[in-house]
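Every chain is numbered from 1, with letters handed out A, B, ... down the list of sequences.
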Protein chains: 2
Amino acid sequence: MSKVAERTVKNLDRAFNPRSVAVVGDKQALGYMWLRSLSSFKGNVYSVQIDPHELPGIAELGVENYRGLLGIPGPVDYVIAAVPRAVAPRIVEDCIKKGVGGVGFFTSGFAETNTEEGIRLQQEITDLASKAGLNLIGPNCVGLYNPRIGLRHTVAQAYGEEGSVGFIAQSGTHATLFSIVGHHHGIKISKSVSYGNAVVLDSTDFLDYMGADEETEVIGMYIEGVKDGKRFFDCLREVASRKPVLIWKGGETEAGARATASHTGALAESSVVWQAVIRQCGAIKVDNLDEMVDIIKALLYIKPATGTRVGLIAMSGGQSVVITDVFAKAGMEVPLLTESSYERLATFFSIIGGSYRNPFDISSAFLMVEDPVSNLTNMLDIMDKDPNIDSVVLELFPVIRPLTQDHETAEPILDTISVFNERSQKPLIIIVTAAYSDALAAETRDKLVKRGIPSFSNFERAAKTLRKLADYHQSRREQSWN
Amino acid sequence: MSKVAERTVKNLDRAFNPRSVAVVGDKQALGYMWLRSLSSFKGNVYSVQIDPHELPGIAELGVENYRGLLGIPGPVDYVIAAVPRAVAPRIVEDCIKKGVGGVGFFTSGFAETNTEEGIRLQQEITDLASKAGLNLIGPNCVGLYNPRIGLRHTVAQAYGEEGSVGFIAQSGTHATLFSIVGHHHGIKISKSVSYGNAVVLDSTDFLDYMGADEETEVIGMYIEGVKDGKRFFDCLREVASRKPVLIWKGGETEAGARATASHTGALAESSVVWQAVIRQCGAIKVDNLDEMVDIIKALLYIKPATGTRVGLIAMSGGQSVVITDVFAKAGMEVPLLTESSYERLATFFSIIGGSYRNPFDISSAFLMVEDPVSNLTNMLDIMDKDPNIDSVVLELFPVIRPLTQDHETAEPILDTISVFNERSQKPLIIIVTAAYSDALAAETRDKLVKRGIPSFSNFERAAKTLRKLADYHQSRREQSWN
């Protein structure tokens with residue numbers, strides 16, 4: 001890392017972990033979204049607003065207002081600016097004079113509009129900040145999120161917990177959605193940033209930061225374009241050799257690249273080049289938010305797969321066919337078990353209304369019996385001990401008895417799964433299919449998240465994730481041998 | 001259709017529209033699932049059970065019990081048999097003597113178990129039924145569903161409504177799931193059947209039936225294997241020339257084919273052959289239940305697409321990039337609009353915090369304004385009149401104001417969508433992204449279903465569906481020219 005990069009990282013650390021935050025220009029028309037989001041923040045929150053009509057609303061929120069940044073007593077570590085674009089240069093000057101740790105500009109209307117005024121104003125704030133070494137984030141972004149200290153950009157985001165996942169997104173929507181959707185899947189964020197037009201700080205700066213950040217173990221990125229390709233490549237290669245880095249590239253198609261130009265002013269780059277860069281650096285390419293969530297969840301919670309041979313357990317005959325097709329199409333093997341496994345299975349598993357070659361159709365051994373728990377325990381144990389199987393995949397179909405009849409029957413089943421997951425060395429993948437009721441499926445998934453066993457919502461997502469996970473661990477092993 | 005096929009169809013019509021149904025062998029261990037499901041049935045329901053322990057439970061349900069089929073007074077149009085497998089031949093004999101319209105065997109444990117006894121019993125019931133011309137459905141299936149008259153196989157299924165979609169499934173789970181999941185998406189079934197081991201009646205017989213059935217306008221099929229390939233091919237080609245037929249093939253992979261053998265005893269056929277058959281017959285290939293639901297929904301509710309040029313409206317900048325990539329990757333074009341459209345847009349649409357080249361990022365024109373309805377009406381009208389656009393795609397993100405603030409703001413927006421959908425000749429595709437809240441998204445989707453505008457849950461499913469729909473209508477046009 002260069003001297004400049006080191007200084008940037010150090011200042012960013014101050015902005016990511018502020019003791020005081022100032023919001024410039026929050027207003028009723030925004031529903032005071034910034035000041036409300038900061039209701040969870042553990043440090044001092046100040047407002048800067050000169051419009052007298054806004055002052056009662058700010059006072060109502062219990063936030064002290066100042067007529068300028070420079071009037072705030074004591075240091076300000078992070079500034080959020082939601083001012084009209086024409087005012088942006090003034091705010092940058094004040095940030096420099098105040099010596100803040102960083103400023104995130106929610107303000108938009110710059111080069112992405114492709115207008116003379118927008119381009120001129122963007123150049124102005126870029127020049128001012130660059131010359132002074134000010135950490136300017138954005139503009140046209142929602143800035144920083146640090147859940148541990150309650151620094152948020154929407155009231156829908158969780159806070160008060162520590163996390164291990166860093167997220168770097170050129171889009172505010174994707175930063176927000178990842179934090180909220182990910183949380184439902186058991187993904188806890190260390191820090192995240194949305195950085196919009198990237199006029200001063202670009203993705204590489206944030207990757208430098210997350211790479212150095214000790215809390216951050218896995219890094220996800222949504223990128224529309226980078227300014228210095230060589231620097232990004234070197235940084236990515238270095239960070240990805242130490243931590244998993246997932247990259248979702250926005251604007252991969254020609255029409256999509258036109259959209260990035262209107263969104264953040266990012267210029268088109270060949271998707272072929274991006275694919276090569278991601279592969280060469282040992283990062284993981286993902287194509288949408290669901291894949292980002294699925295693979296990060298798998299990296300956090302699923303034991304590293306050492307092969308592609310899966311044992312498949314489905315809750316009905318029809319599902320057993322489909323789960324097998326889906327995993328086989330994803331490039332996984334569905335081998336036969338050993339003879340001794342089949343001998344054990346024959347002792348308790350009826351093939352009338354069920355089957356256990358691999359896949360298993362467990363209707364007869366699970367749904368139609370008085371004591372499903374001991375059968376499930378036995379099945380999982382057989383999969384665990386069978387040398388033909390690398391990973392165990394279990395479908396839960398939370399509508400049919402015994403999974404939903406009542407709490408007393410459902411909990412012991414989840415207990416059995418928890419015990420297996422703790423004891424076995426093999427990866428366990430749970431798929432909670434929606435079946436008759438989305439609500440009931442969501443409830444079961446939530447229970448599993450609380451047990452540290454996030455599940456998948458369909459066969460396709462699980463199979464694709466397991467395959468990508470196996471490929472990643474395989475490539476890491478190969479890299480460490482070179 | 002041959003004489004035999006005509007007789008089969010005629011008898012099937014009696015079984016599909018029974019005035020009396022008998023359930024043989026329902027019991028407490030099954031939760032009396034059959035008799036309970038038939039609580040909605042409009043005709044007479046009889047039970048046949050000889051176990052004295054089961055009689056009080058049956059009496060409690062208010063169903064009259066007989067010791068044998070032959071003891072039931074008057075004709076029996078449809079029989080559901082849930083007896084132990086060894087009893088199956090006796091029941092078949094009784095059905096023949098009674099002259100029933102058809103019998104569905106829930107009983108399993110036949111050739112799919114690959115045991116001597118199972119194979120022998122299957123041969124026995126096959127021979128008996130074939131010789132007598134009895135319409136035997138299954139065994140190892142859940143049989144018939146006719147919602148209009150309340151003939152169901154699970155209490156979770158809707159009833160009392162007329163429908164236009166026929167579903168033919170070798171798997172009971174898929175038949176059940178399609179009926180339940182489909183219903184949430186506005187798909188109403190005319191008749192559906194699950195047919196398991198297909199020892200007497202096979203998919204072709206049901207396709208003959210649904211092809212001739214006047215209520216049925218669209219046909220979906222889940223097939224593991226067919227017995228007479230030539231007859232199936234001829235039937236499919238004929239029916240698919242008159243009604244859309246969708247085919248989901250289970251057991252496409254080698255491992256999946258092993259699963260079909262254990263499930264319904266179906267033998268493997270090359271997936272390449274299946275793909276060719278489906279294409280040559282003008283049917284539509286689908287790969288899973290979601291695709292089945294999506295494309296049928298589109299065939300029922302979305303106007304036929306006359307081209308692949310889409311106008312994309314997204315609710316944020318990040319979403320505008322992603323929706324564009326997804327539709328472009330699915331092979332759709334995202335063209336620029338005409339100059340006159342841009343002139344109209346410029347009169348009300350701010351490019352500060354939004355954009356309208358195509359895709360549209362409507363943050364500034366919809367989310368941040370006092371009167372979003374008139375802007376939305378204008379945007380849709382511009383898309384409607386623009387000659388560069390064949391289909392209009394609108395993302396709803398039901399978390400952000402104005403869609404959720406309150407009923408008074410959300411309903412006029414949905415009204416605007418309804419009005420456009422009625423008046424415009426162009427296909428309208430609504431995507432309700434989950435965003436922060438699955439529950440809120442589901443609620444919005446339900447409201448749209450009630451308005452006859454079923455939506456999609458993500459960009460990928462919508463894009464793939466629209467593309468398949470365009471391909472289908474294109475191939476139908478080409479076929480009609482030949």
In terms of heavy-atom pairs under 4.5 Å with chain B, the winner among Glu333(A), Glu460(A), Arg258(A), Lys329(A) is Arg258(A)

Okay, Thr115(A) and chain B: the region with an atom under 4.5 Å from a heavy atom over there is side chain

Note: vs chain A, highest number of non-hydrogen pairs under 4.5 angstrom among Asp438(B), Val334(B), Asn458(B) is Val334(B)

When you compare the side chains of Gln157(A) and Ser37(A), does any donor N or O come within less than 3.5 Å of an acceptor on the partner? no

**Request:** Report yes if some heavy atom in the side chain of Val322(A) is under 4.5 Å from a heavy atom in the side chain of Thr173(B); otherwise report no.
**Result:** no

* With under 30° as parallel and over 60° as perpendicular, where do the rings of Phe360(A) and Phe349(A) fit, or are they tilted in between? -> perpendicular

Ranking Leu289(A), Val326(A), Leu336(A), Asp361(A) by heavy-atom pairs under 4.5 Å to chain B gives rank one to Leu336(A)

Highest number of heavy-atom pairs under 4.5 Å with chain B among Ala259(A), Ser108(A), Ala156(A), Ser171(A) belongs to Ala259(A)

Answer key: most heavy-atom pairs under 4.5 Å with chain B among Gln319(A), Glu254(A), His184(A) is Gln319(A)

Checklist entry - Does any non-hydrogen side-chain atom of Pro335(B) lie less than 4.5 Å from one of Asn358(B)? => result yes

Turns out that what part of Gln170(A) lies under 4.5 Å from chain B's heavy atoms comes down to neither

The interface call for Asn140(A) against chain B, heavy-atom contacts under 4.5 Å, is neither

Given Gly109(A), Ser316(A), Gly318(A), Gly31(A), the one with more heavy-atom pairs under 4.5 angstrom with chain B than any other is Gly318(A)

**Request:** Compare all side-chain heavy atoms of Lys285(B) with those of Trp274(B) and state whether any distance is below 4.5 angstrom.
**Result:** no

Residue from Gly250(B), Ala175(B), Gly256(B) scoring the most non-hydrogen pairs under 4.5 Å with chain A is Gly256(B)

Checked Ser355(A), Ala442(A), Gly317(A) vs chain B; the most non-hydrogen pairs under 4.5 Å come from Gly317(A)

Among Thr154(B), Thr107(B), Thr113(B), the residue with the most heavy-atom pairs under 4.5 Å to chain A is Thr113(B)

- Does Phe106(A) reach the side chain of Leu30(A), with side-chain heavy atoms less than 4.5 Å apart? yes

- Sub-4.5 Å side-chain heavy-atom contact between Thr264(B) and Tyr195(B): no

Honestly, the part of Tyr222(A) sitting under 4.5 Å from a heavy atom of chain B is side chain

Whatever's closer than 4.5 Å to a heavy atom in chain B on Val181(A) counts as side chain

Whether Arg461(A) and Asp290(A) form a salt bridge (side-chain N of Lys/Arg under 4.0 Å from carboxylate O of Asp/Glu) is what I want to check. yes

Honestly, the part of Ile180(A) sitting under 4.5 Å from a heavy atom of chain B is side chain

query = Just wondering, do Ile119(B) and Asn114(B) contact through their side chains at under 4.5 Å, heavy atoms?
reply = yes

Side chain to side chain, Asp287(B) and Glu252(B), heavy atoms closer than 4.5 Å: yes

